[in-house]
Amino acid sequence: MAKVEREGSVSEGELREFLREMLLIRRFEEKVEERFRAGELPGFLHVAIGQEAVAVGVCSALGEDDVFASTHRAHGHTLARGTHPNHVMAELYGKLEGCSRGYGGSMHLYDVERGNMGANAVVGGGLPAVTGAALAFKLRGEARVALAFFGDGATNIGTFHEALNLAQLWRVPAVFVCENNAWAESTPASQHMPITDMSDRALAFGMEAISVYGQDVEEVRAATERALQHARSGEGPVFMDVETYRLTGHYVGDPQVYRPKGELDELRETQDPIDRLRERLGLADEELERIDREVTEIVEESVRFAKAGTDPAPEDALKNVYA
Amino acid sequence: MAKVEREGSVSEGELREFLREMLLIRRFEEKVEERFRAGELPGFLHVAIGQEAVAVGVCSALGEDDVFASTHRAHGHTLARGTHPNHVMAELYGKLEGCSRGYGGSMHLYDVERGNMGANAVVGGGLPAVTGAALAFKLRGEARVALAFFGDGATNIGTFHEALNLAQLWRVPAVFVCENNAWAESTPASQHMPITDMSDRALAFGMEAISVYGQDVEEVRAATERALQHARSGEGPVFMDVETYRLTGHYVGDPQVYRPKGELDELRETQDPIDRLRERLGLADEELERIDREVTEIVEESVRFAKAGTDPAPEDALKNVYA
Amino acid sequence: MPELSYREAVRDALSRAMRADEDVFVMGEDIAEMGGSMGVTQGMLAEFGADRVRNTPISEMGIVGAGIGAAMQGMRPVVEIMYEDFLTLSLEQIVNQAAKHRYMSGGQLKVPITIRTQGGAGWSPGAQHAQQLEAWLVHVPGLKVVFASTPADVRGLLWSSIYDDNPVIFFEHRTLYGLKEEVPDELEPIPLGQARVHREGTDVTVVATGRLVHESLAAAQEAETHGLSVEVVDPRTLQPLDERALVESVQKTNRCVVAHEAVTRMGFGAEVAAVVQYAAFDWLDAPIERVGARFTPIPFAPVMEEFVVPHANDVLAAILRTVGKDVDGG
Amino acid sequence: MPELSYREAVRDALSRAMRADEDVFVMGEDIAEMGGSMGVTQGMLAEFGADRVRNTPISEMGIVGAGIGAAMQGMRPVVEIMYEDFLTLSLEQIVNQAAKHRYMSGGQLKVPITIRTQGGAGWSPGAQHAQQLEAWLVHVPGLKVVFASTPADVRGLLWSSIYDDNPVIFFEHRTLYGLKEEVPDELEPIPLGQARVHREGTDVTVVATGRLVHESLAAAQEAETHGLSVEVVDPRTLQPLDERALVESVQKTNRCVVAHEAVTRMGFGAEVAAVVQYAAFDWLDAPIERVGARFTPIPFAPVMEEFVVPHANDVLAAILRTVGKDVDGG
Ligand SMILES: Cc1ncc(C[n+]2csc(CCOP(=O)(O)OP(=O)(O)O)c2C)c(N)n1
Ligand SMILES: Cc1ncc(C[n+]2csc(CCOP(=O)(O)OP(=O)(O)O)c2C)c(N)n1
Ligand SMILES: [Mg+2]
Ligand SMILES: [Mg+2]
């Protein structure tokens with residue numbers, strides 16, 4: 001994982017590393033779409049194509065001992081946190097080598113060693129535990145932060161309200177990252193939220209809020225550093241409203257009948273975080289292709305790894321119910 | 001029920017009627033405390049001594065077809081809405097003549113004819129139904145408003161968030177009245193809320209908010225009229241933050257070990273809504289005593305009525321489970 | 001007679017009720033433009049408009065509660081909870097509010113809401129999208145509980161649920177949506193509280209719900225090759241429960257298997273077993289067998305998922321045990 | 001040996017665990033200055049301070065979830081849900097999160113949280129403050145479920161629950177808090193999963209939980225006057241269930257009554273009946289009787305409340321039915 005050199009600024013080398021990570025996530029998820037269509041992947045899958053800068057910007061800022069909880073759209077977060085693509089892909093194939101040993105699946109990626117407290121298939125379901133993890137850090141006097149990813153749609157559920165309210169009341173070191181892609185499945189923000197400025201949500205708790213443009217990985221990184229710093233220093237939790245774009249369907253296979261015609265094409269044209277970073281870096285075509293080949297090979301290898309993985313025995317299902 | 005003459009202003013006659021109602025509620029609840037101590041009343045009882053101006057100010061503004069939902073602290077709301085004291089008291093005694101036929105008890109006072117959709121013993125439990133009732137009115141094009149009472153403590157529960165969020169999103173004719181007495185049972189606001197200005201809660205929904213001093217019945221009445229008018233005219237719901245004071249324990253019998261010494265005496269001295277209104281009206285002692293005798297007799301009669309009431313047969317318990 | 005899928009049958013019941021009656025409306029997450037996560041309400045937005053096919057935010061507690069409030073004001077809302085795992089989020093409203101308002105008010109109110117939801121394993125949806133939780137609701141006085149297993153049943157029962165004056169929790173099983181059946185042109189309401197005998201038999205009674213009705217029918221077929229005549233009964237309504245139908249069947253066959261996809265422990269089969277052993281004690285020639293999911297969350301990997309939830313062979317094995325035979329000949 | 005009330009016994013277990021171990025802390029509504037709505041945590045704020053006796057807002061979902069998060073980070077939180085009726089608000093976190101994190105992660109995590117709650121009828125608390133919902137939790141793989149009926153049991157079981165590495169839902173019964181008993185100076189942990197035989201007998205086994213343990217003991221006493229020797233067994237842990245203890249008892253007595261305060265339909269007694277009829281089929285001389293609340297919400301008026309929930313006489317009547325006698329002589 002990239003190390004922070006100076007707060008609020010990232011070296012060119014790191015930015016290149018970010019590009020590589022974002023492209024890896026992109027290619028990984030495109031592969032997921034492809035393998036799903038090929039009928040190889042069971043379960044419900046949600047890719048975050050278009051949202052890679054959020055995953056990379058946020059996760060690169062996390063300290064080694066920090067923890068986070070994710071959502072149904074978790075591949076990017078998990079990869080950006082450093083879980084090997086082989087183990088993520090193996091999970092999607094339901095193999096024992098998967099990061100959840102095949103028990104979880106795409107919506108339940110865990111990597112406890114790396115502070116991944118788990119992706120959640122219940123919208124908002126992971127938020128209270130982030131407050132609680134942060135409470136544990138505070139009680140034990142540890143300089144760690146717990147961070148939550150969630151979507152704009154998740155801000156409508158009571159769990160969100162209770163988790164953030166408690167976090168602020170107790171001034172725990174937590175950061176709440178709203179990946180605001182303006183859609184909850186097929187439901188546009190206008191149909192699911194009575195406000196237009198997402199950061200207004202934080203006002204109900206008097207919580208520090210940061211709004212950031214999420215297609216720019218540098219901005220996300222800088223904002224996350226500020227948020228982590230605030231939380232870590234004992235000043236309480238932070239709400240991050242991250243404007244981002246889902247450049248694909250809600251789930252893999254989604255025909256997106258609900259999307260206004262042309263929206264997707266236009267967004268792909270204007271809101272691709274990888275294009276943006278590439279321009280920022282002034283990356284030559286061959287340089288990009290080199291990186292692309294590299295990450296594509298990693299992704300291909302992850303599929304090979306996953307397919308060659310071990311299927312659980314049926315009776316393995318009886319394990320891990322109780323400690 | 002008092003009729004509105006001009007918006008935002010109440011005649012002297014009405015104010016006297018308010019005083020009478022407030023005093024009736026006060027004497028009723030003092031009697032409840034007394035009868036509880038005498039061992040006559042089963043169940044969990046919560047009186048609203050000190051909060052009478054909210055009940056009367058709000059309920060007097062409601063239109064005949066409006067509906068409301070209440071809380072565990074419901075005697076005042078129910079009486080102010082015009083349910084006969086006999087039927088409220090009979091309910092507390094568990095009699096068939098009770099406003100809930102003896103099935104509900106103090107925390108579940110209903111009077112559907114008068115638009116009382118029920119008091120709720122689950123904090124926040126009645127809020128979504130108020131949104132839903134208002135939705136029904138809107139769908140049917142009826143000029144009715146649904147109103148919810150709840151406490152400051154209730155603003156911490158997810159139900160609150162979901163109910164208000166939906167109400168605003170759907171622009172339904174609902175009014176949410178927070179009886180903000182700065183205590184949730186034994187827990188002071190500082191221990192249960194991360195904000196000091198309750199109306200900040202409304203910002204998360206972009207909801208119209210009105211703050212009002214709840215010990216002044218005229219102010220409550222005027223604010224409620226404004227809120228109802230807003231809601232009824234289709235402009236959407238309103239959040240009312242009503243500052244009020246609980247001049248007694250949380251429940252009847254509460255030793256209030258948690259209350260700072262002296263707080264209660266001071267509040268009783270400075271925050272009694274009945275004293276205030278009496279001064280406003282410049283009411284002579286004998287006039288007050290006359291009213292007091294009148295309402296006291298009503299309360300006494302309600303106890304006689306209740307005690308003479310009919311106990312349900314044990315097997316009556318099997319009725320009313322299904323329609 | 002038109003052929004309808006289970007999915008279309010649900011849609012048909014909803015649409016007919018909405019045509020017949022302005023008080024009926026549906027609401028839920030992604031039910032409008034997208035037509036619901038299982039496609040059940042597809043096309044309904046166009047016919048009924050956004051007010052009556054109401055797309056909602058992710059607020060399971062709020063939308064159920066809003067349905068309750070509308071029902072208390074005389075509407076007949078049908079609220080969709082996308083996955084029954086999310087009933088956990090609205091249970092307060094279902095159990096403390098919908099189920100009790102009538103009672104707590106001494107009969108002043110009624111709450112004619114229908115809450116549709118679906119669940120089940122089968123496509124590796126994982127531990128939080130595959131539970132079968134109907135047993136919880138059966139434990140709650142004031143609720144009715146329906147679990148339909150065929151297109152005709154789902155249509156007739158949903159209609160009756162919508163027009164029932166009580167809160168009804170209506171379970172659908174995800175893997176049944178594609179199941180097709182010929183149904184009459186006219187919708188025939190099916191009264192709540194009536195079991196359906198899917199197959200008559202004399203040796204063993206299988207009481208099954210949801211997907212397990214079909215697994216049980218397959219098992220019954222297979223049992224014939226063992227010379228056994230198996231009766232398959234689907235209670236359809238779990239509350240009120242048609243106890244008499246179950247008991248009479250067992251009094252005829254003297255043997256009973258209960259089968260559902262939910263976890264066996266404290267599952268609906270426990271109630272059936274308790275009822276049947278009580279009422280048919282003198283008739284029973286063998287212990288009542290329960291078939292249900294193993295006591296684990298639903299795992300993701302298909303091979304484990306398959307192992308955890310019951311299938312026809314599990315029902316068959318239970319049938320054979322009741323007559324003292326082992327699956328592997330015995 | 002000191003005499004402790006059930007209330008004091010809970011407090012004693014909590015306090016000892018908190019003294020022994022910095023990772024243990026308690027949180028809940030009004031548990032600090034007020035000492036909890038039932039007075040269980042009185043005095044603990046003074047000893048342990050506000051960080052570890054954490055007063056919370058009314059956020060049942062949030063505080064259970066916060067406990068889960070703290071537990072995932074190695075703490076052993078004990079969260080109090082003031083009334084078990086409010087479990088309905090936190091069930092998503094209990095069922096989808098606490099119970100499943102370990103499984104969904106393939107064993108990477110544990111969630112050693114204890115959730116204490118209390119309920120029960122008896123003082124006219126009304127329909128939303130008197131439910132007994134333990135059966136729901138027994139249906140959920142990944143949870144352990146405890147329901148203690150005496151001071152010694154509640155103390156030893158709570159200790160074991162706190163130190164169990166799994167989420168434990170710990171039920172207390174409101175009317176038992178004043179019950180006193182002599183207990184050893186040293187706290188003796190009671191392993192989860194062990195039933196307790198309260199009274200030996202040879203004619204009928206009564207399996208009872210919570211308040212009904214005491215009602216059953218009274219009924220057993222009374223049954224002696226009918227010449228009957230009644231064994232009373234309290235499973236204490238409902239999950240894992242000590243099936244063997246129950247079955248062995250019934251294999252000895254050949255008759256079984258199950259008694260709890262929860263609604264009979266789909267109550268814990270259904271599971272016991274299903275287990276016992278299966279394992280002791282050849283031993284049973286009479287149908288298994290279930291004693292539980294009638295199928296209604298809990299009414300307010302004392303005379304109705306009394307009628308709805310079961311008492312010693314209901315248990316006695318069931319005992320007599322198992323031996324073919326009527327209460328009113330027969
Ligand atoms: C409690 C709950 N309700 C509904 C769903 C079904 N669902 C899964 S994702 C989703 C939309 C989530 O939207 P958002 O939070 O904005 O995240 P995004 O998908 O945009 O990343 C819905 C409704 C769920 N998983 N959990
Ligand atoms: C969901 C829920 N949690 C806890 C309780 C117990 N309880 C009853 S009243 C109360 C305090 C409510 O405070 P507030 O909302 O401010 O109302 P007030 O009592 O001040 O009128 C609590 C915690 C409850 N009834 N419901
Ligand atoms: Mg979104
Ligand atoms: Mg208050």
Side-chain angles (χ1 to χ4, degrees), chain A residues 67 69 91 96 98-105 107-113 116-122 124-140 142 144 146 148 157-167 169-170 172 174 312 316-317 319-323, chain D residues 22-23 25 27 49-52 54-77 79 89-90 92-93 95-113 140-144 164-168 192-193 239-240:
Chain A
V67 302
E91 186 60 31
L96 284 177
C99 61
S100 307
R101 322 287 182 255
Y103 287 71
M107 296 198 288
H108 306 295
L109 303 177
Y110 288 80
D111 188 345
V112 174
E113 242 177 65
N116 180 343
M117 293 170 68
N120 225 295
V122 178
L127 296 174
V130 164
T131 296
L135 175 63
F137 301 156
K138 181 171 173 160
L139 285 173
R140 293 196 299 240
E142 297 170 352
R144 300 163 68 186
I157 198 150
T159 327
F160 163 81
H161 178 79
E162 294 192 12
L164 272 75
N165 193 53
L166 288 177
L169 179 68
W170 294 339
V172 298
D316 283 341
K319 298 179 186 161
N320 296 320
V321 182
Y322 290 95
Chain D
E22 280 288 324
D23 289 336
F25 69 102
M27 61 177 160
D51 263 355
R52 299 182 67 205
R54 182 166 292 265
N55 217 29
T56 76
I58 306 170
S59 305
E60 278 78 7
M61 163 85 77
I63 63 177
V64 166
I68 292 169
M72 287 163 82
Q73 296 303 328
M75 310 284 287
R76 295 193 175 276
V79 178
L89 288 158
S90 40
E92 194 285 309
Q93 289 290 309
V95 170
N96 292 328
Q97 311 294 333
K100 297 185 173 42
H101 272 306
R102 179 176 185 74
Y103 194 76
M104 296 190 302
S105 69
Q108 288 173 73
L109 279 172
K110 52 187 192 187
V111 188
I113 187 178
V140 182
L143 301 180
K144 296 193 176 179
D164 194 281
D165 277 342
N166 299 285
V168 180
L192 304 189
Q239 187 67 255

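What's counted below: heavy atoms across the whole structure, side chains too, no hydrogens, waters or symmetry copies. Chain letters run A, B, ... following the sequence lines, proteins first and then strands; every chain starts at 1.
Identified under the salt bridge (Lys or Arg N to Asp or Glu O under 4.0 Å) test for residues 125-140 of chain A, with sequence neighbours left out: A:Arg140-A:Glu142. For the salt bridge (Lys or Arg N to Asp or Glu O under 4.0 Å) condition, no pair includes a residue of residues 56-68 of chain D, sequence neighbours left out.
Residue A:Val172 does not touch chain D at all, counting heavy-atom pairs closer than 4.5 Å. Proximity to chain A is limited to the side chain of D:Asn96, based on heavy atoms less than 4.5 angstrom apart. The parts of A:Ala317 that come within reach of chain D are both its backbone and its side chain, each placing non-hydrogen atoms under 4.5 angstrom from that chain. Residue contact with chain D, scored on non-hydrogen atoms closer than 4.5 Å, is absent for A:Leu164. Using a 4.5 Å cut-off between heavy atoms, A:Asn116 does not touch chain D at all. Only the side chain of A:Val122 comes within contact range of chain D, with at least one heavy atom under 4.5 Å from a heavy atom of that chain. The parts of D:Gln108 that come within reach of chain A are both its backbone and its side chain, each placing non-hydrogen atoms under 4.5 angstrom from that chain.
When D:Gly107, D:Gly62, D:Gly142 are compared by the number of non-hydrogen pairs under 4.5 Å with chain A, D:Gly142 comes out ahead. Of all the listed residues (A:Ala136, A:Ala163, A:Ala121, A:Pro312), the one sharing the greatest number of non-hydrogen pairs under 4.5 Å with chain D is A:Ala136. Contact count against chain A (heavy-atom pairs under 4.5 Å) is highest for D:His101 among D:Met27, D:Lys110, D:His101.
In this structure, A:Leu166 CG and D:Ser59 OG are separated by 4.5 Å, a value rounded to the nearest 0.5 Å. Note that CE of A:Met117 is 4.0 Å distant from CE of D:Met72, once rounded to the nearest 0.5 Å. Taking OG1 from A:Thr131 and CD1 from D:Ile68, the interatomic distance works out to 12.0 Å, rounded to the nearest 0.5 Å. A distance of 10.5 Å separates CG in D:Leu109 from CG in A:Asn320, rounded to the nearest 0.5 Å.
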For D:Asp51 and A:Trp170: C-alpha separation, side-chain torsions, deciding distance, then whether side chain to side chain contact (heavy atoms under 4.5 Å, CB included) applies.
CA-CA 10 Å; D:Asp51 263 355; A:Trp170 294 339; over 6 Å; no
Check against side chain to side chain contact (heavy atoms under 4.5 Å, CB included), D:Met104 and A:Met107
CA-CA 10 Å; D:Met104 296 190 302; A:Met107 296 198 288; over 6 Å; no
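Minimum heavy-atom separation, D:Gln97 to A:Asn120: OE1-ND2, 2.7 Å. Smallest separation of non-hydrogen atoms from A:Leu169 and D:Pro57: CD2-CG, 3.3 Å. A pairwise comparison of heavy atoms in A:Ala323 and D:Asp165 identifies CB-CB, 3.7 Å as the closest pair. Minimum interatomic distance between A:Tyr103 and D:Tyr103 (heavy atoms only, all atoms of both residues): CB-O, 3.0 Å.
In this structure, A:Tyr322 contributes its side chain and D:Leu143 its backbone to a donor-acceptor pair below 3.5 Å.
When the options D:Met75, D:Arg54, D:Gln73 are evaluated for a side chain to side chain contact (heavy atoms under 4.5 Å, CB included) with A:Leu135, the one that passes is D:Arg54.
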